[in-house]
There are 2 protein chains.
Amino acid sequence: MSKTVTINDVARTAGVSITTVSRILNNKPDVSPETRKRVLEAIVQLDYTPHAQAKNLAAGKSRSIAVLYPAHSNGLSELEFEFFVGASTIAAKRGFLFNLFVNTLSEHTLLNLYRSNQIDGVILMEIHLQDERVHLLQENDYPFVMIGHCADNEGLSYIDLDFETSMLVSVDHLYKLGHRHIGLLSMSKALRDAGYGPVVRTGRGYAQACARFGLTPLYYEAPTTIEDAYAATHRMLDEHPEITAMVTLHPDSSVGIVRAVQSRGLSIPQDFSLIGIVIDRIAKLISPPLTAITFPAYLMGERAAQMLIRMLQESEYEPEQELLTPHLIIRDSTGPAR
Amino acid sequence: MSKTVTINDVARTAGVSITTVSRILNNKPDVSPETRKRVLEAIVQLDYTPHAQAKNLAAGKSRSIAVLYPAHSNGLSELEFEFFVGASTIAAKRGFLFNLFVNTLSEHTLLNLYRSNQIDGVILMEIHLQDERVHLLQENDYPFVMIGHCADNEGLSYIDLDFETSMLVSVDHLYKLGHRHIGLLSMSKALRDAGYGPVVRTGRGYAQACARFGLTPLYYEAPTTIEDAYAATHRMLDEHPEITAMVTLHPDSSVGIVRAVQSRGLSIPQDFSLIGIVIDRIAKLISPPLTAITFPAYLMGERAAQMLIRMLQESEYEPEQELLTPHLIIRDSTGPAR
DNA sequence: TTGTATGCGTTATCAC
DNA sequence: GTGATAACGCATACAA
C-alpha cells in the first residue's frame with residue numbers, strides 16, 4: 001500500500017504543470033510532441049495511476065452502476081446469476097464499476113445511492129406491474145432501466161421476456177401434440193396479488209391460449225419449492241385427472257411436478273408432458289431434460305447494462321423497450337398425448 | 001436529478017460554518033445543543049445527503065470491496081451466486097459497496113483497482129495452489145481474502161471447505177454401506193494441472209481414503225459438463241465393471257453420471273451409489289436427490305466479506321484461516337452395496 | 001503550446 | 001464551542 005503517486009508528482013518530475021499532464025492523460029489537443037513524450041516517460045517512471053475517485057468527484061459522476069435484486073424476497077434461483085454476469089461484463093467493458101445489492105432497499109437508501117453520488121444508475125429486477133421503486137426513481141428523475149416491465153412503461157427503458165407469448169407458444173406446442181387438458185402451475189398467490197410481472201403475464205397468456213384453442217383453463221398456483229409443487233400437482237391431478245400436460249415457471253416447480261407425476265406411476269413424456277420456463281443450464285440438469293422456453297438471462301443482463309450506460313452517456317437518449325421473442329427448445333419432457 | 005445539496009448549503013441555512021456541520025454529521029463532541037438542533041433542522045429542511053465520494057476522497061478510502069470471479073473460465077454454476085449474495089449482504093450491513101468482477105483481470109487492471117482508489121480490498125475466488133493474483137497482491141501489500149486457499153498461506157486470510165476431509169467422509173460413508181470399488185470422477189485435467197484447489201485437494205483426500213480403507217484408487221477426470229461426465233462414466237464402467245459407487249465434484253458431472261449409470265440398466269441407489277459435492281438447492285433438484293457434501297456457499301461469502309472488512313478496519317488485524325468441516329447430507333443416491 | 005487559479009464536497013488542523 | 005483554511009487528486013476556464 002505504497003503512497004499514492006499523484007498527477008502532481010508526474011508534473012514535477014516532467015517539469016510541467018499539472019494541467020499539461022491532465023491534457024495528456026485525457027488526449028486533449030495542443031501538446032507538443034516533446035512535452036508529451038517527457039510526461040509519458042514520467043508517468044511510466046513513477047508508475048502513475050489516475051485517482052478514479054478524484055476524477056469522478058471533479059466530473060460529478062461515479063462511473064458505476066448497480067443492480068438491485070431483492071434476493072431474499074423470492075428465493076434464489078440461477079436466473080439472476082446470469083443476469084449479473086451479463087451486466088457485469090458489459091459494465092467492465094465500458095469502464096463502469098458494477099455494484100450488486102441483494103437486499104431490499106428502503107426508499108431513502110435507494111435515493112441516497114444517487115444523491116450521495118455512489119452510483120449513476122441502477123438496473124431494477126423483479127419488477128411488478130405497479131412498482132414503487134419505479135415511481136420513486138421516475139419522480140426524482142434518476143436514471144434506471146428494468147429487467148421486466150410495468151403496466152405503464154411510458155418513457156421507461158426495459159428488457160423483458162415476452163411471457164404472454166411464451167405461454168401461447170407452450171400451449172401451442174402441447175396442443176399440436178394432441179393435449180387437450182393442459183394445466184398451468186404458476187407461482188405463489190402472494191406474487192400474483194403483488195402484481196409480479198412474470199406471474200401476471202403468464203397468467204394472461206395462458207388464458208388467451210385456452211380461449212384460442214378452446215381449452216378449459218386449469219390454473220393452479222404454489223410457492224416455488226419442490227415440495228409445494230409436488231403437493232399442488234397431486235391436488236391438480238386429483239381434481240382433474242384428465243390433465244395430460246402442464247406448464248410451469250420455475251425449476252423447483254418443474255421438479256416437484258415431475259416427481260408428483262412419476263409418483264402416480266405415470267412416465268414423462270409417455271403419459272404426461274411438461275414445459276418449463278427455465279434457463280437452459282437447469283433445464284438440462286433436470287430429469288428428464290426439460291422442454292423449455294429458454295430464458296436468455298445472460299443476454300438480458302447485457303442489454304440492460306448497455307441501455308443504462310447509453311442512457312448515462314448520451315444526451316439525447318430515447319427510451320428503449322425490448323420484449324424478447326420466446327424460443328421453445330424441445331427436449332425430453334414433452335411428447336404426443338396418449 | 002436535482003442539484004446536489006452540499007454541506008455548504010446546510011451551513012448557510014443554519015447560520016454556522018461547515019466545520020460545525022461536519023462535526024454534527026460525524027458525531028463529534030463540542031457542539032452546543034442549540035446549534036446542533038438548528039443544524040439538524042437545516043439538514044432535514046434541505047433534505048441533505050452527504051456526498052460519499054467527497055467523503056471517501058478526503059478519507060483516502062473507497063468504502064467498497066469487490067469479488068473477483070472469473071466466470072467465463074470455468075463455466076457458470078450456482079455456487080458462486082450464493083457466495084455473492086452472502087458477501088453482498090455483509091457488505092451492505094457494514095456500509096460497504098459491493099463490486100462484482102466476472103472477467104479475468106490483467107495484473108495491471110487488478111492493481112489499478114486499488115491504486116485508483118476504486119476499491120479497498122477484494123475477495124479472490126477460484127484459488128489455485130500457486131496463484132499469481134495472490135502473489136501479486138501480497139507483494140504490493142494490498143488487502144484481500146480468499147475463498148479457497150493456496151499451498152502456502154502464511155499471513156493470508158481465507159475461508160474454504162475442507163475438501164480433503166470431504167472425500168474421506170464420502171468414501172467412509174460408501175465404505176460403511178459395503179462398497180469396495182469406489183471411483184472418483186474429478187474435474188478436467190487442465191484444472192488439475194493448473195493446481196485448482198478443489199481438484200487437487202479432493203484428489204489427495206481420495207488417495208488417503210483409498211489407502212486407509214485398502215481400496216484401489218479409480219481416479220478419472222472430465223470437463224464438468226453432462227456430456228463429458230456421461231462419456232467418462234461409461235469409460236469407467238467399461239474398464240472397471242466392479243465399480244459400485246462414485247463421488248464427484250460438480251452438479252453437471254453428477255447428472256452425467258446418473259444418466260450413464262441408468263443407461264446401463266442400473267438403478268440408483270439400488271445398484272449404484274453416488275455422492276456429489278454440491279449446494280443443497282441443486283442436490284435436491286437432481287433425480288434422484290443427491291446424497292451430498294453440502295457446500296455452504298452463502299455462509300462462506302458472508303465470512304469472506306466479514307474477514308475482509310475487519311482487515312480493512314482493524315489496525316491490528318490478525319490473519320484468519322477457516323477450513324469448514326464438511327457435512328454429509330444423505331438423500332436418495334446412496335444405498336447398501338449389492 | 002503551456003500554466004495559474006478555482007472548484008468538486010468533504011474532513012482535519014489549528015486557531016480564536 | 002466555533003470557524004477559517006488547507007488538504008484529498010483531478011479537471012477546466014481563463015490567461016499568458
Side-chain angles (χ1 to χ4, degrees), chain A residues 1-40 42-43 46-63 95 112-120, chain B residues 1-40 42-43 46-63 95 112-120:
Chain A
M1 295 212 291
S2 41
K3 181 90 190 65
T4 314
V5 178
T6 75
I7 197 172
N8 247 302
D9 303 322
V10 177
R12 200 173 327 111
T13 307
V16 298
S17 75
I18 60 169
T19 309
T20 303
V21 179
S22 178
R23 277 206 190 84
I24 292 169
L25 288 172
N26 298 291
N27 296 313
K28 298 276 163 98
D30 295 338
V31 269
S32 83
E34 306 100 71
T35 38
R36 155 163 284 128
K37 180 157 169 291
R38 209 143 31 93
V39 169
L40 289 178
I43 288 177
L46 297 176
D47 199 12
Y48 164 75
T49 306
H51 195 285
Q53 243 175 22
K55 239 169 129 150
N56 289 332
L57 176 61
K61 320 204 158 171
S62 74
R63 278 199 88 79
N112 264 15
L113 244 38
Y114 290 90
R115 300 180 49 207
S116 66
N117 235 273
Q118 305 201 81
I119 53 129
D120 293 337
Chain B
M1 296 210 289
S2 41
K3 182 90 188 64
T4 313
V5 178
T6 76
I7 198 173
N8 246 303
D9 302 322
V10 176
R12 202 174 325 110
T13 308
V16 297
S17 76
I18 59 171
T19 309
T20 303
V21 179
S22 179
R23 278 207 190 84
I24 292 170
L25 288 172
N26 297 290
N27 296 313
K28 299 274 164 102
D30 297 338
V31 270
S32 82
E34 305 100 70
T35 37
R36 156 163 283 128
K37 181 158 170 289
R38 208 142 34 92
V39 169
L40 289 178
I43 289 177
L46 297 176
D47 199 12
Y48 164 75
T49 306
H51 195 284
Q53 243 174 21
K55 240 169 128 150
N56 291 332
L57 176 61
K61 322 207 156 170
S62 73
R63 278 200 86 79
N112 264 15
L113 245 37
Y114 289 90
R115 302 179 51 206
S116 66
N117 236 271
Q118 304 201 83
I119 53 131
D120 292 338

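All chains are named by letter (A, B, ...) in the order of the sequence lines, taking the proteins before the strands, and each is independently numbered beginning at 1. When reading the values below, keep in mind they use all heavy atoms of this one structure, side chains included, and skip hydrogens, waters and symmetry mates.
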Next item on the list: State which of D:dA11, C:dT10, C:dG3 makes the closest approach to the side chain of A:K55.
Entry: D:dA11
Next item on the list: For A:V21, report the nucleic acid contact type (base, sugar-phosphate, nothing); a contact means any heavy atom under 4.0 Å.
Entry: nothing
Next item on the list: Report which part of the nucleic acid B:T6 touches: base, sugar-phosphate, or nothing (heavy-atom distance under 4.0 Å, all strands).
Entry: sugar-phosphate
Next item on the list: Ignoring backbone atoms, test whether A:N8 places a side-chain nitrogen or oxygen under 4.0 Å from the OP1 or OP2 oxygen of D:dC10.
Entry: no
Item checked: Under-4.0 Å side-chain N/O to phosphate OP1/OP2 contact, A:K28 with D:dT12 -> yes
Margin query: What contact category does B:N26 fall into here, base, sugar-phosphate, or nothing, at under 4.0 angstrom with non-hydrogen atoms?
Written below: sugar-phosphate
Note to self: Measuring to OP1 and OP2 of D:dC8, would you say a side-chain N or O of A:T4 lies under 4.0 angstrom away?
What the structure shows: no
Checklist line | Gap between atoms CD1 and P, on B:I24 and C:dT11 respectively (whole Å) | finding: 12 Å
Margin query: Using OP1 and OP2 only, check whether a side-chain N or O of B:T19 sits under 4.0 Å from D:dT2.
Written below: no
Next item on the list: Could you pull out the closest heavy-atom pair between A:T4 and A:D9, with the gap in Å?
Entry: O-OD2, 3.9 Å
Next item on the list: For A:R38 and C:dT1, give me the distance from atom CZ to atom P, rounded to whole Å.
Entry: 14 Å
Check: Of all the nucleotides listed (D:dA11, C:dG3, C:dG9), which has the minimum atom distance to the side chain of A:V16?
Finding: C:dG3
Check: Can you name the closest pair of heavy atoms from B:K61 and A:Q53 and give their distance?
Finding: O-NE2, 2.6 Å
Notebook entry, point to check: Separation of B:I18 atom CD1 from C:dT11 atom P, in whole Å?
Noted result: 9 Å
Next item on the list: Can you tell me the distance, in whole Å, between the CD1 atom of A:I7 and the C1' atom of C:dG7?
Entry: 15 Å
Next item on the list: Output yes when a side-chain donor or acceptor of A:R38 lies under 3.5 Å from a complementary backbone atom of A:A14, and no otherwise.
Entry: yes
Next item on the list: Nearest whole angstrom, please: distance from the P of D:dC10 to the CD of B:Q53.
Entry: 14 Å
Note to self: With a cut-off of less than 4.0 Å, is there a side-chain N or O of B:N56 near OP1 or OP2 of C:dT10?
What the structure shows: no
Check: Can you tell which of D:dT12, D:dG9, D:dT2 lies closest to the side chain of B:D30?
Finding: D:dT2
Next item on the list: Whole angstrom is fine here: how far is it from CZ in B:R12 over to P in D:dA4?
Entry: 13 Å
Next item on the list: Kindly point out which of C:dT2, D:dG3, D:dG9 is positioned nearest to the side chain of B:T20?
Entry: D:dG3
Next item on the list: Could you check how far NE2 of A:H51 sits from C1' of C:dC8, rounded to whole Å?
Entry: 14 Å
Item checked: Nucleotide nearest A:S22 when distance is taken to its side chain, options D:dT12, C:dT11, D:dC10 -> D:dT12
Item checked: Any B:S32 side-chain N or O less than 4.0 Å from OP1/OP2 of D:dG1 -> no
Next item on the list: Looking only at side-chain atoms of A:R23, point me to the closest of C:dG3, C:dT10, D:dG3.
Entry: C:dG3
Notebook entry, point to check: For A:R36 and C:dG3, what is the distance between atoms CZ and C1' respectively, to the nearest whole Å?
Noted result: 17 Å
Note to self: In the structure I gave you, are the side-chain heavy atoms of B:K37 and B:L40 within less than 4.5 Å of one another anywhere?
What the structure shows: no
Note to self: Is a donor from one side chain sitting under 3.5 angstrom from an acceptor on the other, for B:S62 and B:N117?
What the structure shows: no
Note to self: Do A:I43 and A:L25 have side chains that approach each other closer than 4.5 Å (heavy atoms only, starting at C-beta)?
What the structure shows: yes
Margin query: With nearest nucleotide decided by heavy atoms, which residue, B:L57 or B:S17, maps closer to the 5′ end of DNA chain D?
Written below: B:S17
